[in-house]
2 protein chains.
Amino acid sequence: MRNIHMIIEYDGTQFSGWQVQPNVRTVQGEIQKTLKSITGETIVIDGSGRTDAGVHALGQSATFKTDTVIPNDNLFRVLNHHLPEDITLTSLNEVSDDFHARYHAKGKHYQYRIYNAPLRSSLRRHFNWHIKSDIDVDKMLRAIPHLVGEKDFKCFMATGSSAKTTVRNVYEIDVYHEGSFIVIDFKGNGFLYNMVRNMTRLLVDVGTGKEQIENIPDIIASGDRSRIKRTAPACGLYLVEVYYDR
Amino acid sequence: MRNIHMIIEYDGTQFSGWQVQPNVRTVQGEIQKTLKSITGETIVIDGSGRTDAGVHALGQSATFKTDTVIPNDNLFRVLNHHLPEDITLTSLNEVSDDFHARYHAKGKHYQYRIYNAPLRSSLRRHFNWHIKSDIDVDKMLRAIPHLVGEKDFKCFMATGSSAKTTVRNVYEIDVYHEGSFIVIDFKGNGFLYNMVRNMTRLLVDVGTGKEQIENIPDIIASGDRSRIKRTAPACGLYLVEVYYDR
């Protein structure tokens, strides 16, 4: 069988997340449906990880096995032609047999976008978290050293979820202005469920003065999710890239 | 009665245009419904002009008369609170009795946005016209002198529509790159129905080599809509600002 690797862009607004589930529209489900209609095969694709309802992707990564004889270039074009408009393949390549989008992922880059303005924007509502209050980006930058490195990030994991280990290595966090937007980039070897959105919430609370930088080590040490307020909304989050050693 | 002037941003994607019509969702209809629920009055708002289904606005302008005693600041906040998310008032002011958003409009600024890249983008699909082919912006710039000034622009008016006169004064057209986007700004004393989208189509055809700059004077002189290909899609068009003498 051939092993195919795809990079996928999607607008998460109208999906109940990545993972296939009965009776709801998901990114994985739509791609598998399209693959079936093109190849005739029942194909299960393996994503690098799930994304929640409303979360976007510029570079989600997934692999699948197929017996189809359709050449890669054609498969790429035909898939894009038949996929719904809110999913776009940005690349499709044949890879070695053992390569797996999730098992071989070495890290990820997420981006979180905040629209910081007194009034909401209708044109931007699905693609950013709108925050009215003034945000001090310098304060956010000063909080970053507490959030990077190899640490137990349990306090940022969604309540009720589980992971073999809650230790992750966050390589880099950057915060910057882009006009009226505040953009936060997160790069790490992996992220717990809701970790990026909860880190974003903590950083925003620091930037708006609702949380003190000095408390962060203690919040992390506590491993207590309830020390951070409500998770930042899904619509501001983008999976930008999945890293592999290749 | 008080005379109120509003500036309005909207995402045109889920509207059947500006103008109220039975059984469909329109921007005017939604604002009037919200005004009724807040003031108890049946209010008809006068927009500066219509926009088509899918066309966006950053600065649509509309006036209405009301007997409500709700102060302006409250009316502004309450309206924004109750309007659907795809409509946002960016300002609301009380104006002199005789001021009318349409009759007193002196001109308009429209912007047309093209996403020029080999692959479509799911995240941008509702907000740009995606064009795969290479576009020569320098050629578009050289075509502009033919399209500005006071002229009979009948060739750009949608077939089947009518206007007292088809003469308009286009003050300025500008074309520029913004990353992978090509942006066209149109400023004039007024635009015929579909004029901006048909001018965009002609400019794009010049930029892709499908139309020759030398033919433009003849196309304009002919007054013949069929000399230009299919209208550029609605989703790339934004009403940016309505000008008044004030």
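Just the heavy atoms: all of them, side chains too, but no hydrogens, waters or symmetry mates, feed the values below. Lettering follows sequence order; numbering is per chain, from 1.
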Name of the residue among B/Phe99, B/Phe64, B/Phe76 meeting ring pair (Phe, Tyr, Trp, His ring centres under 6.0 Å) with B/His5: B/Phe99
Heavy-atom pair of closest approach, residues A/Arg113 and A/Tyr238: CD-CE1, 3.6 Å
Side chain / backbone / both / neither for B/Leu89 at chain A, heavy atoms under 4.5 Å: backbone
Under 4.5 Å from a heavy atom of chain A, the part of B/Arg120 involved: both
Toward chain B, the part of A/Leu119 with a non-hydrogen atom under 4.5 Å: side chain
Centroid-centroid under 6.0 Å between B/Phe181 and B/Tyr115 rings: yes
Passing option when A/Ser48 is tested against A/Arg102, A/His100, A/Gln60 for side-chain hydrogen bond (donor to acceptor under 3.5 Å, both in side chains): A/Gln60
Min side-chain heavy-atom separation A/Ile114-A/Asn128 under 4.5 Å: no
Side chain / backbone / both / neither for B/Thr90 at chain A, heavy atoms under 4.5 Å: both
Atom group of B/Pro118 that falls short of 4.5 Å from chain A, counting heavy atoms: neither
